[in-house]
There are 2 protein chains.
Amino acid sequence: MFKEVRRTVEHMKRAPASADAGPPRWLTDEEQRVWRAYIEASTLLEDHLDRQLQRDAGMPHVYYGLLVKLAEAPSRRLRMTELAMSAKITRSRLSHAVARLEKSGWVRREDCPSDKRGQFAVLTEKGQEVMRRHAPGHVEAVRQAVFDRLTPEQQKSLGEIMGIIAEGLQPSETGADLPWLR
Amino acid sequence: MFKEVRRTVEHMKRAPASADAGPPRWLTDEEQRVWRAYIEASTLLEDHLDRQLQRDAGMPHVYYGLLVKLAEAPSRRLRMTELAMSAKITRSRLSHAVARLEKSGWVRREDCPSDKRGQFAVLTEKGQEVMRRHAPGHVEAVRQAVFDRLTPEQQKSLGEIMGIIAEGLQPSETGADLPWLR
DNA sequence: GGTCACTACTTGAACTCTCAACTTCCACCA
DNA sequence: TGGTGGAAGTTGAGAGTTCAAGTAGTGACC
């Protein structure tokens, strides 16, 4: 992915005032193959699941994920920020999403009694019904695209690898740039 | 991810006229952990790279990927459909994207001499310049988020796994629902 | 050489997401 | 008790994406 760029860059003079840390650590050919495979698979997979869910359930994959989180939560309700955190998205994105899910009748908002700024997103009966109806199709799509194609070792590996990457992107330090704190 | 849904579904009567193929093959707890890790990592990673590139280079990650493809291509030009195929996106999405990249001066369109319906997307000098300037920062971001955290075995594994998934999502059959044929 | 199915690409509207305000409320502390 | 800084959530505008429909050109067949 960076080969041709490197060719262009390598004969370039280092900018004198540049405050970077040494020469760019380009990806090796093998690393490039891995990275390309990742980009292609994740692009195709997200497209595939979005399309399946949009067609069958009338919502994008992320929105479906929000309903799942709510279904898993005690009393099928979660504070907005908790939900954003759990879905790894910004509160703004969530606000818009919940507005739309509310319009579809699958989620409703409730005020938080203990904190007047707070809002709960609550899965409605209609929301549960839509999940019952479409969960099987969705799991099947995930299976076909991912689990049916991987050996148990590869599945284990995938979980470990993605766990490491996810962890690395949400450092515990204060001031970390996490979507739900933006 | 599907546990609570299962709980709701399992005591449900099978719809008599349903034309599905047997009971839903729910994900096991372990599969759910893997899937959740994948969703979280890919969400966070795409957010991270989008943000880095938007801040530094003024474009989203996908658009940057298009410039990379063009930089790698002979004469730094590709037919629209080839580019869409190589980036795994729809031609419509690409049309809009190229329109924007053209407005920024990083890409220009050229007519195809041999097929009057055809268009080339061509990386401009300004486009090459923007890549020279921002490739190092982007590679560094990818390294920090992914390669620096994985062992060589994990990297190899990741490449194989994502290769399998990508392959599975672009079957060679005619009539396959591929984004760039939509 | 006419027509017809198909290919290449674009377009506009509806939808989603980002970014930067903005409102409201909480917690702390003087 | 009355600031004040930060937290919770929303909003609107602009950017990006999808979907369905459109234009225009190709090529194969009769």
Side-chain angles (χ1 to χ4, degrees), chain A residues 43-44 46-55 57-66 78-85 87-104 107 109-121 174-175 177-182, chain B residues 43-44 46-55 57-66 78-85 87-104 107 109-121 174-175 177-182:
Chain A
T43 304
L44 288 165
E46 191 57 16
D47 174 87
H48 184 67
L49 298 179
D50 261 338
R51 220 164 138 75
Q52 184 262 321
L53 281 167
Q54 192 71 64
R55 170 170 52 77
M59 73 188 110
H61 185 207
V62 187
Y63 288 25
Y64 183 85
L66 296 174
L78 242 24
R79 286 286 294 270
M80 293 297 279
T81 299
E82 290 181 284
L83 183 49
M85 188 175 329
K88 313 300 172 192
I89 64 178
T90 63
R91 285 172 295 173
S92 170
R93 185 177 180 181
L94 180 62
S95 260
H96 290 298
V98 167
R100 151 26 163 135
L101 291 170
E102 207 170 15
K103 207 176 304 180
S104 302
V107 167
R109 291 178 211 248
E110 271 181 27
D111 292 342
C112 173
S114 63
D115 183 341
K116 284 180 189 162
R117 297 167 301 177
Q119 288 278 104
F120 283 101
T174 61
D177 176 37
L178 300 168
W180 53 93
L181 299 181
R182 232 111 85 181
Chain B
T43 304
L44 288 166
E46 192 56 16
D47 174 86
H48 184 67
L49 298 179
D50 261 339
R51 222 165 137 75
Q52 183 262 320
L53 280 167
Q54 193 70 65
R55 170 169 52 76
M59 73 187 111
H61 185 206
V62 186
Y63 287 27
Y64 183 86
L66 296 174
L78 241 25
R79 285 286 293 271
M80 293 297 279
T81 298
E82 290 181 284
L83 183 49
M85 187 175 331
K88 312 300 172 193
I89 64 177
T90 63
R91 285 172 295 177
S92 170
R93 184 177 180 181
L94 180 62
S95 262
H96 290 296
V98 167
R100 141 50 153 121
L101 291 170
E102 207 170 13
K103 207 176 302 183
S104 303
V107 166
R109 290 178 211 248
E110 271 181 28
D111 293 342
C112 173
S114 63
D115 184 340
K116 284 180 189 161
R117 297 166 302 177
Q119 288 278 102
F120 282 100
T174 60
D177 177 36
L178 301 168
W180 53 93
L181 299 180
R182 241 121 68 187

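Chain letters run A, B, ... following the sequence lines, proteins first and then strands; every chain starts at 1.
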For this session: Would you classify B:Phe120 as touching base, sugar-phosphate or nothing, given that sugar-phosphate means primed atoms plus P, OP1 and OP2, and contacts are heavy atoms under 4.0 Å?
Result: nothing
For this session: To the nearest Å, give me how far apart CZ (B:Arg93) and P (C:dT16) are.
Result: 15 Å
For this session: Using atom CZ of B:Arg182 as one end and atom C1' of D:dC19 as the other, report the distance to the nearest whole Å.
Result: 10 Å
Exercise. Which comes earlier along DNA chain D counting from the 5' end, the contact point of A:Gln119 or that of B:Thr90, where each point is its nearest nucleotide?
Worked result: A:Gln119
Exercise. Below 4.5 Å, heavy atoms only, C-beta onward: do A:Ile89 and A:Leu66 meet side chain to side chain?
Worked result: yes
For this session: Using a 4.0 Å heavy-atom cut-off across all strands, classify B:Asp115 as base, sugar-phosphate, or nothing.
Result: sugar-phosphate
For this session: Return the nearest nucleotide to the side chain of A:Arg51; candidates are D:dC19, C:dC17, C:dT10.
Result: D:dC19
Exercise. Is there a side-chain polar atom (N or O) of A:Thr81 under 4.0 Å from OP1 or OP2 of D:dG9?
Worked result: yes
Exercise. Is B:Arg182 paired with B:Asp177 through a side-chain N to carboxylate O contact shorter than 4.0 Å?
Worked result: yes
Exercise. Between B:Leu178 (CG) and C:dA8 (P), how many Å, whole number?
Worked result: 13 Å
Exercise. Do A:Ser104 and A:Arg100 meet the criterion of a side-chain donor-acceptor pair at a distance under 3.5 Å?
Worked result: yes
For this session: Would you mind telling me which of C:dT10, C:dC9, D:dT10 lies closest to the side-chain atoms of B:Ser95?
Result: C:dT10
For this session: Kindly point out which of C:dT11, C:dT10, C:dC17 is positioned nearest to the side chain of B:Met80?
Result: C:dT10
For this session: Check whether any side-chain nitrogen or oxygen of B:Arg100 sits under 4.0 Å from OP1 or OP2 of D:dG16, and answer yes or no.
Result: yes
Problem set entry | Protein-nucleotide distance (A:Glu82, atom CD; D:dA8, atom P), rounded to Å | 10 Å
For this session: Determine whether any donor atom in the side chain of A:Ser92 lies under 3.5 Å from an acceptor atom in the base of D:dT11, or the reverse, and answer yes or no.
Result: yes
Exercise. Is the backbone N or O of B:His61 less than 3.5 Å from a side-chain atom of B:Asp50, with the two atoms forming a donor-acceptor pair by type?
Worked result: yes
Exercise. Rounded to the nearest Å, what distance is computed from the CD1 atom of residue B:Ile89 to the P atom of nucleotide D:dC19?
Worked result: 14 Å
Seminar exercise, completed: When A:Ala99 and A:Leu181 are each assigned the nearest nucleotide of DNA chain D, the 5'-most assignment goes to A:Leu181
Problem set entry | Base C:dG12 paired with B:His96 side chain (donor-acceptor, <3.5 Å) | yes
Seminar exercise, completed: Closest to the 5' end of DNA chain C, once A:Arg117 and A:Gly58 are matched to their nearest nucleotides, is A:Gly58
Problem set entry | Length of the CE-C1' vector between A:Met85 and D:dA8, whole Å | 11 Å
Problem set entry | Candidate nucleotides C:dT10, D:dT10, D:dC19, ranked by approach to the side chain of A:Gln54 - the nearest | D:dC19
Exercise. Between atom CG in A:Leu94 and atom P in C:dC17, what is the gap in whole Å?
Worked result: 10 Å
For this session: Can you figure out which of C:dC17, D:dA8, C:dT18 approaches the side chain of A:Val62 most closely?
Result: C:dC17
Exercise. For the side chain to side chain contact (heavy atoms under 4.5 Å, CB included) test, which of A:Arg93, A:Met85, A:Glu82, A:Met80 pairs with A:Trp180?
Worked result: A:Met85
Exercise. Is the closest side-chain heavy-atom distance between A:Phe120 and A:Arg109 below 4.5 Å?
Worked result: no
Problem set entry | Any A:Arg55 side-chain nitrogen or oxygen under 4.0 Å from OP1 or OP2 of D:dC19 | no
Exercise. Rounding to a whole Å, what distance do you find between A:Asp111:CG and C:dC25:P?
Worked result: 10 Å
